[in-house]
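The structure appears below as structure tokens.
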Amino acid sequence: MQERIYMDNSATTRTDPAVVEAMIPYFTDQYAVASSQFSHTPGIQAREALDQARAIIAGTMHADPESVVFTSGGTESNNLALKGTAWAFRGKKDHLIVSKTVHNSVLHSAQWLEKQGFRVTYADVDDQGFVDPDDIAGLLTDQTFLVSVQHANHETGTLQDIGAISDRCRKKEVLFHVDACRTLTMIELDLGTIPADLVSVSSHLVHGPKGVGALYIRPDTKIQKWQHGGYHEFDRRAGTENVAGAVGFGKAVELTKPEHTEAVRDMQKDLLDGLMSGIEGTVLNGAADLSRRHPGNVNVSFNRIEGESVVLHLDMKGISVITGSACFSRSLEPSYVMMAMGFTHERAHGSIRFTLSRFNRPDEIDRVVESSREVVEALRRISPLK
Amino acid sequence: MVADIIVDVTGETCPVPLVEMRKAVMKADKGKVIVIRGTHGASREEIPMAVDSLGLKLLKTEETDGVWQIFIER
């Protein structure tokens with residue numbers, strides 16, 4: 001078997017070995033909790049490590065460190081953003097807007113809020129997955145307290161125009177939440193120029209450890225604490241601080257260089273060109289303009305075959321990718337993201353997501369294209385779909 | 001030919017036969033004979049492709065009354 005090629009970086013990324021090394025002392029020697037800072041030296045050191053990591057993460061977004069609250073990951077950050085603001089506005093405003101293609105942690109939080117009496121508008125996207133900022137403006141009412149969109153979609157990589165959506169929200173004094181879990185470190189997010197009020201980020205998608213993320217909360221944003229039991233994280237999120245995780249997250253962000261994004265973008269272009277030109281009947285899903293797409297995302301459908309077979313056969317050739325088909329979960333419904341874009345079931349079931357990171361190498365692209373061509377051609381020979 | 005492991009996926013459609021075949025292959029010791037028994041036509045074609053990709057040995061394929069059996073050596 002040849003060396004495995006991992007192209008499922010929108011699901012999770014390899015933890016950088018330097019990140020693991022940076023974390024180890026916080027398990028073995030410096031294991032005190034940061035809230036012991038008023039009692040003993042190890043507690044002070046833990047607090048310093050936590051705050052240093054916080055400053056690195058805040059710095060990459062041009063934010064004040066005290067506006068960054070560590071969480072257990074992107075899912076918790078998204079839950080806190082939606083439920084925390086909803087509860088802060090309870091009895092005053094009752095309407096929020098989320099796009100139809102947001103991550104399930106936003107979508108399911110919005111659906112849960114509906115059951116609690118809030119009203120939710122699920123904003124449409126076009127056939128490339130874009131939200132129209134003017135559509136959002138038209139949906140805002142005097143009862144709207146929050147708009148939530150995803151910076152880059154987890155399946156298609158489509159990048160929303162968060163600057164324009166932010167402007168529309170600000171004019172109506174509506175809070176704006178961005179799920180930036182997949183764009184942190186890959187695409188600059190300057191909160192000085194794009195004044196989002198809440199931003200979710202995740203460690204394991206940027207070569208940090210799993211189990212840690214953060215929510216940026218702009219100062220003076222109305223948000224209700226959601227997890228109780230202590231006064232941690234500026235009294236916004238109770239629970240013993242994950243110092244080792246935060247240190248790893250900070251280290252992962254610190255290791256990022258602009259040239260990583262450029263290298264990933266070059267591989268994205270080569271992979272897309274190879275698949276589109278080398279395999280007849282291949283269509284791109286998501287933004288066609290690569291400058292409006294996550295640099296590491298290539299999502300295509302191969303006509304006349306189903307995605308799960310492609311994924312299994314690529315796996316057997318040592319290549320890890322995923323499909324938008326839901327057959328593996330025994331659900332009959334294909335990807336809700338693809339369906340929101342107006343795709344047919346066949347196209348949604350046939351979608352394959354290749355997602356790259358700085359740990360991929362340019363020489364892997366040819367093997368992935370050639371293996372995909374072999375698999376697609378073989379599956380089409382036996383496909384009942386003509 | 002004696003089967004060491006029988007994977008019965010009759011009535012199942014893609015991708016279940018392939019998934020179950022892979023699980024059996026991962027658990028089996030080298031040299032063991034695995035028989036996949038099913039009814040889905042596309043899977044009958046697909047499993048030999050997987051056998052090739054995984055570097056396994058396809059021993060034989062037989063079919064009676066719409067039920068096929070694929071014999072693989074791990």
Side-chain angles (χ1 to χ4, degrees), chain A residues 1-5 8 279 301-335 345-346 348-353 367-386, chain B residues 5-74:
Chain A
M1 177 70 81
Q2 291 173 284
E3 186 184 354
R4 179 158 287 272
I5 297 176
D8 193 14
I279 306 173
S301 290
F302 300 114
N303 294 343
R304 305 193 302 283
I305 48 174
E306 297 214 338
E308 68 266 26
S309 289
V310 177
V311 166
L312 283 169
H313 285 281
L314 284 177
D315 181 50
M316 288 182 279
K317 289 176 179 290
I319 297 167
S320 302
V321 297
I322 71 150
T323 173
S325 172
C327 292
F328 284 124
S329 63
R330 297 294 186 96
S331 159
L332 296 176
E333 291 302 315
S335 152
H345 277 64
E346 184 195 346
H349 277 302
S351 68
I352 306 290
R353 184 184 76 184
R367 194 178 128 204
V368 170
V369 170
E370 182 54 23
S371 296
S372 299
R373 191 186 58 73
E374 287 171 9
V375 166
V376 168
E377 286 179 359
L379 289 173
R380 279 181 180 158
R381 281 196 292 273
I382 62 171
S383 172
L385 305 169
K386 298 295 173 197
Chain B
I5 300 164
I6 297 173
V7 179
D8 189 345
V9 285
T10 51
E12 299 282 4
T13 60
C14 281
V16 176
L18 194 54
V19 170
E20 294 303 320
M21 169 252 181
R22 291 201 63 204
K23 283 185 196 166
V25 168
M26 285 167 142
K27 284 182 194 162
D29 293 329
K30 195 163 172 57
K32 296 291 182 188
V33 174
I34 304 162
V35 177
I36 321 297
R37 181 184 298 149
T39 47
H40 188 55
S43 296
R44 182 193 160 143
E45 305 297 325
E46 218 177 337
I47 287 171
M49 281 172 59
V51 168
D52 186 45
S53 293
L54 294 171
L56 307 171
K57 190 171 174 186
L58 181 64
L59 301 173
K60 66 172 179 174
T61 301
E62 55 189 38
E63 184 165 344
T64 310
D65 299 330
V67 178
W68 46 256
Q69 295 197 108
I70 301 172
F71 291 70
I72 301 164
E73 186 181 313
R74 171 79 162 92

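Per chain, numbering begins at 1; letters A, B, ... match sequence-line order.
- Contact annotation: the side chain of B:Arg22 approaches that of A:Met316 to within less than 4.5 Å [non-hydrogen atoms, C-beta and beyond].
- Minimum interatomic distance between B:Glu46 and A:Ile382 (heavy atoms only, all atoms of both residues): N-CD1, 3.9 Å.
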Can you check side-chain contact (heavy atoms from CB on, under 4.5 Å) on B:Met49 and A:Leu379, steps first, answer last? CA-CA 9 Å; B:Met49 281 172 59; A:Leu379 289 173; 4.1 Å; yes
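- Taking both residues in full, the closest heavy atoms of A:His313 and B:Ala50 are given as CE1-N, 3.9 Å, listed atom of the first, atom of the second, then distance.
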